[in-house]
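I have placed the structure first, in the form of structure tokens, so that the comments after it can refer back to it.
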Amino acid sequence: MSSAHASARPFRFAAVTFDCPDPAELARFYGEVFGLPVVYSTDDFVLLGQDGAAGLGFNRLADYRRPTWPDPAQEKQAHIEVGVDDLDSAEAELLALGAVKPEGQPQPDRWRVLLDPAGHPFCITTLV
């Protein structure tokens, strides 16, 4: 691994978020499994974590369909949360790198949903 790019980056891995029908219930389960407290919660989203560590998020999806793994009929549903200090500058840099910003941002003052070059959604957030 090269140390040529060892300077601090404005991005940090913040969380992996799972789509689900009931964020509070899934957060309760994983919170007990990993001993993680709730650090942020709304009716539609719960984030578990600890200071300085990546967390687990749970997002309500109204028409959630359970994965059928290993049958590919209904694939997995998860995405990466990327922690940033400034949403606007992070968004600009990621768009310049090839990300796409879809219409319909759910809470653009707290996080932004972007798509990677292959179309996978990920979020940038100041929550972590």
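The structure displayed is predicted, hence computed values, not measured ones. Positions are given from 1 along the sequence.
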Heavy-atom closest pair (A14 atom, G83 atom, distance to 0.1 Å) is CB-N, 3.2 Å
Looking at D43 and P23, what are the two nearest heavy atoms and their distance?
-> O-CG, 4.0 Å
Basic-acidic side-chain contact under 4.0 Å: [X], [Y]:
X: R12; Y: D85; value: yes
X: E25; Y: R60; value: no
X: R112; Y: D88; value: yes

Around atom CG of L87, are there more than 12 heavy atoms of other residues, nucleotides or ligands at under 6.0 Å?
-> yes
Answer whether the closest heavy-atom distance between the side chains of [X] and [Y] falls below 4.5 Å.
X: F11; Y: V84; answer: yes
X: V82; Y: T125; answer: no
X: Q50; Y: L36; answer: yes

Yes or no on side chain to side chain contact (heavy atoms under 4.5 Å, CB included) for R110 and L127, after CA distance, side-chain angles and deciding distance?
-> CA-CA 7 Å; R110 292 197 170 270; L127 291 176; 3.3 Å; yes
Under a single-linkage definition using a 4.5 Å side-chain heavy-atom cutoff for Ile, Leu, Val, Met, Phe, Trp and Tyr, are F18 and Y40 assigned to the same hydrophobic cluster?
->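 The answer is no; the residues belong to distinct hydrophobic clusters.
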If you group Ile, Leu, Val, Met, Phe, Trp and Tyr by side-chain heavy-atom gaps below 4.5 Å, do F34 and V16 land in one group?
->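 F34 and V16: one cluster.
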Given T17, L47, L48, the one that forms side chain to side chain contact (heavy atoms under 4.5 Å, CB included) with F58 | L48
Would you compute the distance between atom [atom1] of [X] and atom [atom2] of [Y] and round it to the nearest 0.5 angstrom?
X: E93; Y: D86; atom1: CD; atom2: CG; result: 11.0 Å
X: L56; Y: E81; atom1: CG; atom2: CD; result: 10.5 Å
X: F29; Y: C20; atom1: CZ; atom2: SG; result: 12.5 Å
X: D19; Y: D63; atom1: CG; atom2: CG; result: 9.5 Å

Distance-only donor-acceptor hits, side chain of residues 94-109, under 3.5 Å, sequence neighbours excluded:
{"unit_1": "K101", "atom_1": "NZ", "unit_2": "E91", "atom_2": "OE1", "d": "3.3"}
{"unit_1": "K101", "atom_1": "NZ", "unit_2": "E91", "atom_2": "OE2", "d": "3.4"}
{"unit_1": "Q105", "atom_1": "OE1", "unit_2": "V113", "atom_2": "N", "d": "2.7"}
{"unit_1": "Q105", "atom_1": "NE2", "unit_2": "P102", "atom_2": "O", "d": "2.9"}
{"unit_1": "Q105", "atom_1": "NE2", "unit_2": "V113", "atom_2": "O", "d": "3.1"}

Would you list the pairs meeting ring-ring contact (aromatic ring centres under 6.0 Å, His included) in which at least one residue belongs to residues 86-128, sequence neighbours left out?
-> F45-W111
